[in-house]
Novice: 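Pasting a structure here, questions to come.
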There are 2 protein chains.
Amino acid sequence: MADPASFTERELDIMSVLWEHGSGTVAEVRDALPMPLGYTSVLKMLQILAEKRLVRHEQEGRAYRYYPLVEQGAAGGHALGRIVDKIFQGSAELALARLVKERPLSTEEVGRLKTLLDRAAADADSDADSDTGGDA
Amino acid sequence: MADPASFTERELDIMSVLWEHGSGTVAEVRDALPMPLGYTSVLKMLQILAEKRLVRHEQEGRAYRYYPLVEQGAAGGHALGRIVDKIFQGSAELALARLVKERPLSTEEVGRLKTLLDRAAADADSDADSDTGGDA
DNA sequence: CGTTGATTACGAAGAACCTCGTACTCACTG
DNA sequence: CAGTGAGTACGAGGTTCTTCGTAATCAACG
């Protein structure tokens, strides 16, 4: 994918719906949006998004059904990277620390994250793994 | 603090410099910026930021020295929370996982993060209190 | 005093963003 | 065929963002 692209505020609102639902027609997206927006406004945003190749659409009956073309993981990674660079001076650790402080995690999530961290550490060393733990 | 505020693209570039250096005059900020920008453009952004109460300035010799008024931690938390909500559907875990995958961490960082995670897990069990103490 | 250089103040101008109104298309219905 | 309703296309218009040009200020110098 060429450019993960950074979304504008409203574009992100729309994409969010698409990611959550997988796809959507203008009406569906509009209904799912948390803020009141005119039908044509939503349509327009979707058209702009399509023009930027961030979504695609295919005919469905009389209407179009829109599908996201960028994965949320990629978009998220890009957005996260930006914040890490600009706000946390490139320190992923600081960002991670902040996020953990900001959003309470369940015990299970913490467990999974720790496993992930172990794997990341292993990758960093790229060798010398002798205490490979199990997995959930 | 009323509103952690979300910065525009350029505002973020400026704030980034201020956070990294602690403070800066127009010329200093301009020099530290990775992109070429006219002197008055930087000045203008700083004035806008000041107007929005995101930075303050005090006289220093002939010029003003600008200081950030919002902490990077707060700004980062806000920005991160936005991404988590809009892109990762509110799942901090997914965001964390992505960030870990995106940015390699040193073994030491992983160690510290795990400690942090343990503490987070403990908090989850008991109860939370508000964070972020006073700020400047 | 007049010039020079560094700095801030002001506001114009273009670009991007966002919201819609209005017109147009087309399948259905009676 | 005319009317209706669901949809899309187009483009105007307002707002915000961003970049600067130009003018004003003021200390220092000769």
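Atom set for the values below is all heavy atoms of this structure, side chains included, hydrogens, waters and symmetry mates excluded. By convention in this document, chain letters (A, B, ...) are assigned in the order of the sequence lines, proteins followed by strands, and residues within each chain are numbered from 1.
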Novice: Nearest whole angstrom, please: distance from the P of C:dC18 to the CD of A:Gln47.
Specialist: 15 Å
Novice: In whole angstroms, how far is the P atom of C:dC17 from the CZ atom of A:Arg10?
Specialist: 13 Å
Novice: Contact list please: residues 20-45 of chain A against DNA chain D, heavy atoms, distance less than 4.0 Å, in numerical order.
Specialist: A:Val26, A:Tyr39, A:Thr40, A:Leu43, A:Lys44
Novice: Rounding to a whole Å, what distance do you find between B:Gln59:CD and C:dT8:C1'?
Specialist: 10 Å
Novice: Can you find a heavy atom in the side chain of B:Ile14 that is under 4.5 Å from one in the side chain of B:Trp19?
Specialist: no
Novice: Provide the closest heavy-atom pair for A:Ala50 versus A:His57 in the form atom of the first, atom of the second, distance.
Specialist: CB-ND1, 4.4 Å
Novice: To the nearest angstrom, how far is A:Glu60 atom CD from C:dC26 atom P?
Specialist: 19 Å
Novice: Using a strict threshold of under 4.0 Å (side-chain N to carboxylate O), is an ion pair present between A:Arg82 and A:Asp85?
Specialist: no
Novice: When you check the side-chain N and O atoms of A:Arg65 and A:Ser23, is any donor under 3.5 Å from an acceptor?
Specialist: yes
Novice: Check whether any side-chain heavy atom of B:Glu93 sits under 4.5 Å from a side-chain heavy atom of A:Ser106, and report yes or no.
Specialist: no
Novice: Please check if atom CD in A:Glu108 has more than 12 non-hydrogen atoms from other residues, nucleotides or ligands closer than 6.0 Å.
Specialist: no
Novice: What range of DNA chain D does chain A touch, first nucleotide to last, counting atoms under 4.0 Å from its heavy atoms?
Specialist: D:dG5 to D:dG11
Novice: I'd like to know if B:Glu109 pairs up with B:Arg103 as an ion pair, taking the criterion as any Lys NZ or Arg NE/NH1/NH2 lying under 4.0 Å from an Asp or Glu carboxylate oxygen.
Specialist: no
Novice: Report the distance from atom CG of A:Leu12 to atom C1' of C:dA16, rounded to the nearest whole Å.
Specialist: 17 Å
Novice: Applying side chain to side chain contact (heavy atoms under 4.5 Å, CB included) to B:Val70 and B:Met15, what does each step give before you reach the verdict?
Specialist: CA-CA 9 Å; B:Val70 287; B:Met15 291 304 291; 3.6 Å; yes
Novice: How many Å lie between NE2 on B:His57 and C1' on C:dT7, as a whole number?
Specialist: 12 Å
Novice: Whole angstroms only, please: what is the CD1-C1' distance between A:Ile48 and C:dA15?
Specialist: 14 Å
Novice: Measure CG/A:Leu46 against P/C:dC20 and give the value in whole Å, please.
Specialist: 15 Å
Novice: Distance only, no hydrogens: is a donor on one side chain within 3.5 Å (strictly under) of an acceptor on the other, for B:Gln72 and B:Glu20?
Specialist: no
